[in-house]
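To start, the structure itself, in structure tokens.
Residue numbers start at 1 and run along the sequence shown. Counting convention: from 1, in listed order, for ligands and their atoms alike.
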Amino acid sequence: MNFKVTPWEVEGKIDYDKLIEFFGVNKIDETLLEQFKRFVKGDLHVLLRRGYFFAHRDLDRVLNDLKNGKKFFLYTGRGPSGPMHIGHLVPFIFTKWLQEKFDANVYIELTDDEKFLEPKRKLSLEETRKWAHENILDIIAVGFDPEKTFIFQDTEYIRHMYPLALKIAKKINFSQVKAVFGFKNETNVGLIFFPVLQMVPTFFEDKNCLIPAAIDQDPYWRLQRDIADSLGKSKSSQIHSKFLPPLTGLEGKMSASKPETAVYLTDDEKTVKEKIYKYAFSGGQPTVEEHRKLGGNPDIDVSFQWLRFLFEEDDKKIKKIEEDYRSGRLLTGELKDILIEKLNNFLINHRQRREKAKELVNIFKYEGRLAREMWNKIFE
Ligand code: TYM
């Protein structure tokens, strides 16, 4: 394969069909979408109906169980290594939609330990904890239900997870994590143990656990599914998304070390405009005359892809933009202007909600109904 997807690296142009085969996951097909629709009033979320959440494990089981009255809970997370970009919000936006539609509890893990342990990051524990706090504000801003959502960071909640972490750890040997995560002999032992802590929350309730995330997190779930039986517990289910592509083109992923590849949630209006004008990879022709004559290619145009992924939810409008661009009626600059306006509106609203989130942190972490319940439990 001429691309690579691991929890720590994404390189090359991803062929998602190949990835489905390689990871041994299942495609989300029309039948499954139909099944989904039976539980949801109104339209399916854009991310689902446009195929960005594209693969799964055992989602059919979760939906079948639901028919028989067995509910599920949601689990997702973030590695607090720095400011969040727009791509990081994708799983949270979708998880929030699922919470609303299915009235499910949500658990959100911040792996301040993982990001400290990753050698290439060179972050102190103080820094990853600070980023956890900052990232939590962005996550709360997405709009989760404060009574049904527990947000926790590993270095704080560890005592409650440790007994279960030990039981999981005893079931996994070094060759297994080496095979799944590519750990080397020189990998520090903290990182070798860490996957256990990403698995613990899959067992927070006796119900089915459904994990919305991008497909890079899949290795953890493969391991979880290998050991669940031996602990007398359930295999978790996943719903996997594609990556919101970097601004610079459809290869690789947005990177904190290359600011031109991403739009951060903190980028102001002027920065967003400049980034999109300067870096957003275009499927347009080199001159206006040629563009009018030959048309543009929305399939490789990042501004169009971002609109389709998240920022233009109206199916009729996105179709018209696509047709106009393909035919040459819409110029690259005009397409970029549409994205800039949508994206800036989104970010202005996000930042307002983020300000309000400052007053809600304690509720999500300690005082909400679910949070209180969780601090009273030790997981065995
Ligand atoms: P992290 O911080 O690398 O990523 C956070 C979440 O964002 C997803 N993601 C993306 N989704 C769409 N487009 C993108 N360009 C994009 N980039 C990243 C990731 O798949 C992830 O869902 N180890 C984890 C933290 C974690 C976690 C979890 C994630 C702990 N428990 C449970 C998912 C589910 C991490 O470092 O994520």
Side-chain angles (χ1 to χ4, degrees), residues 5-11 14 16 19 23 46-47 52-55 57 73-96 98 106-118 120-121 123 128 131-132 134-136 138-139 142 150-155 157 161 165 181 191 194-204 209-224 236-258 261-265 302 305-306 308-310:
V5 177
T6 74
W8 299 292
E9 273 173 301
V10 177
E11 280 168 17
I14 305 165
Y16 286 103
L19 207 54
F23 280 0
V46 167
L47 288 165
Y52 292 112
F53 273 85
F54 74 111
R57 289 178 199 272
F73 69 96
L74 294 156
Y75 161 46
T76 193
R78 154 79 183 149
S81 56
M84 283 168 75
H85 59 58
I86 206 89
H88 290 132
L89 275 194
V90 168
F92 293 101
I93 290 171
F94 189 60
T95 304
K96 186 232 162 191
L98 289 170
V106 172
Y107 299 88
I108 299 173
E109 176 178 43
L110 281 104
T111 52
D112 50 1
D113 46 355
E114 174 194 16
K115 298 298 146 179
F116 165 67
L117 290 165
E118 268 181 52
K120 73 167 198 289
R121 303 234 176 230
L123 291 168
T128 61
W131 284 120
E134 294 296 319
N135 294 173
I136 285 172
D138 287 307
I139 293 168
V142 170
F150 177 48
I151 304 182
F152 60 101
Q153 59 198 82
D154 287 347
T155 61
Y157 196 60
M161 300 196 282
F181 296 100
L191 209 56
F194 166 74
V196 167
L197 288 172
Q198 186 153 331
M199 285 183 249
V200 169
T202 65
F203 302 122
F204 275 175
C209 170
L210 178 62
I211 306 168
I215 193 158
D216 60 333
Q217 300 297 311
D218 188 67
Y220 294 100
W221 323 132
R222 246 178 280 157
L223 208 51
Q224 192 274 2
S236 61
S237 307
Q238 288 83 45
I239 180 158
H240 288 315
S241 81
K242 298 181 180 176
F243 297 100
L244 182 71
L247 269 187
T248 40
L250 299 184
E251 289 197 6
K253 79 169 178 181
M254 291 183 226
S255 160
S257 54
K258 296 181 212 144
T261 60
V263 166
Y264 290 92
L265 302 174
V302 172
Q305 292 301 324
W306 279 31
R308 188 172 184 276
F309 213 113
L310 267 186

Legend entry - Nitrogen or oxygen of His85 less than 3.5 angstrom from that of ligand 1: no
Inset, instruction - Look at atom 18 (C) of ligand 1 and say which protein heavy atom is nearest, naming residue and atom and giving the distance to 0.1 Å. - result: His88 CD2, 3.7 Å
Legend entry - Whether Phe54 and Tyr16 hold their rings parallel, tilted or perpendicular, with breakpoints at 30° and 60°: perpendicular
Legend entry - Option set Pro7, Gly252, Gly79, Pro245, criterion heavy-atom distance to atom 1 (P) of ligand 1, minimum: Gly79
Inset, instruction - For Phe194 and Asp154, run side-chain contact (heavy atoms from CB on, under 4.5 Å): C-alpha distance rounded to whole Å, both residues' side-chain angles, the deciding distance at 0.1 Å, then the answer. - result: CA-CA 10 Å; Phe194 166 74; Asp154 287 347; 3.8 Å; yes
Legend entry - Distance from atom 3 (O) of ligand 1 to nearest protein heavy atom, with residue and atom: Gln217 NE2, 4.3 Å
Inset, instruction - Below 4.0 angstrom from a heavy atom of Asp216, which ligand 1 atoms are there? Numbered from 1 as shown, please. - result: 19 (C), 20 (O)
Inset, instruction - Give a yes/no verdict on whether any heavy atom in Met84 is under 4.0 Å from an atom of ligand 1. - result: no
Inset, instruction - Say whether, by atom type as modelled, one donor and one acceptor occur between the side chain of Thr76 and the main chain of Ala213 under 3.5 angstrom. - result: no
Legend entry - Selected option - heavy-atom contact closest to atom 11 (N) of ligand 1, from Gly87, Ala213, Ser236, Pro195: Gly87
Legend entry - Test of proximity, Lys253 against ligand 1: N or O pairs below 3.5 Å: no
Legend entry - Stepwise side-chain contact (heavy atoms from CB on, under 4.5 Å) check, Ile151 with Leu110: CA-CA 8 Å; Ile151 304 182; Leu110 281 104; 3.5 Å; yes
Inset, instruction - Please could you name the atoms of ligand 1 that Leu244 approaches to less than 4.0 Å, counting only its heavy atoms? - result: 12 (C), 13 (N), 14 (C), 15 (N)
Inset, instruction - Output the list of atoms in ligand 1 that are nearer than 4.0 Å to some heavy atom of Lys242, sorted by atom number. - result: 12 (C)
Legend entry - Shortest non-hydrogen contact between Glu114 and Gly79, atoms and distance: OE1-CA, 4.3 Å
Inset, instruction - Enumerate the atoms of ligand 1 whose separation from the nearest heavy atom of Trp221 is less than 4.0 angstrom. - result: 32 (C), 34 (C)
Inset, instruction - For Arg78 and ligand 1, answer yes if some heavy atom of the residue is under 4.0 Å from a ligand atom, otherwise no. - result: yes
Inset, instruction - Specify whether Phe204 and Phe152 have parallel, tilted or perpendicular ring planes, treating 30° as the upper limit for parallel and 60° as the lower limit for perpendicular. - result: tilted
Legend entry - Interatomic spacing from CG in Leu244 to NZ in Lys242 - rounded to 0.5 Å: 12.5 Å
Inset, instruction - Step by step, work out the side-chain contact (heavy atoms from CB on, under 4.5 Å) result for Arg308 and Tyr52. - result: CA-CA 10 Å; Arg308 188 172 184 276; Tyr52 292 112; 2.9 Å; yes
Legend entry - Exercise: identify the closest heavy-atom pair between Met84 and Ile139: CE-CG1, 4.1 Å
Inset, instruction - Tell me which one of Gly77, Gly82, Pro212 gets a heavy atom nearest to atom 29 (C) of ligand 1. - result: Gly77
Legend entry - From CG (Leu89) to NZ (Lys96), nearest 0.5 Å: 12.5 Å
Legend entry - Element-labelled atoms of ligand 1 that are located less than 4.0 Å from some non-hydrogen atom of Lys115: 36 (O)
Legend entry - Close N or O approach (Ala214, ligand 1; < 3.5 Å): yes
Inset, instruction - Say whether Gln198, considering both its backbone and side-chain N or O atoms, lies within less than 3.5 Å of an N or O atom on ligand 1. - result: yes
Legend entry - Residue, atom name and distance, where the atom is the protein heavy atom closest to atom 7 (O) of ligand 1: Pro91 CG, 3.5 Å
Legend entry - Numbered atoms of ligand 1 (with element) below 4.0 Å of Thr111, judged on heavy atoms: 25 (C), 30 (C)
Legend entry - Heavy-atom pair with the smallest gap, counting every atom of Val5 and Asp216: CG1-CA, 3.8 Å
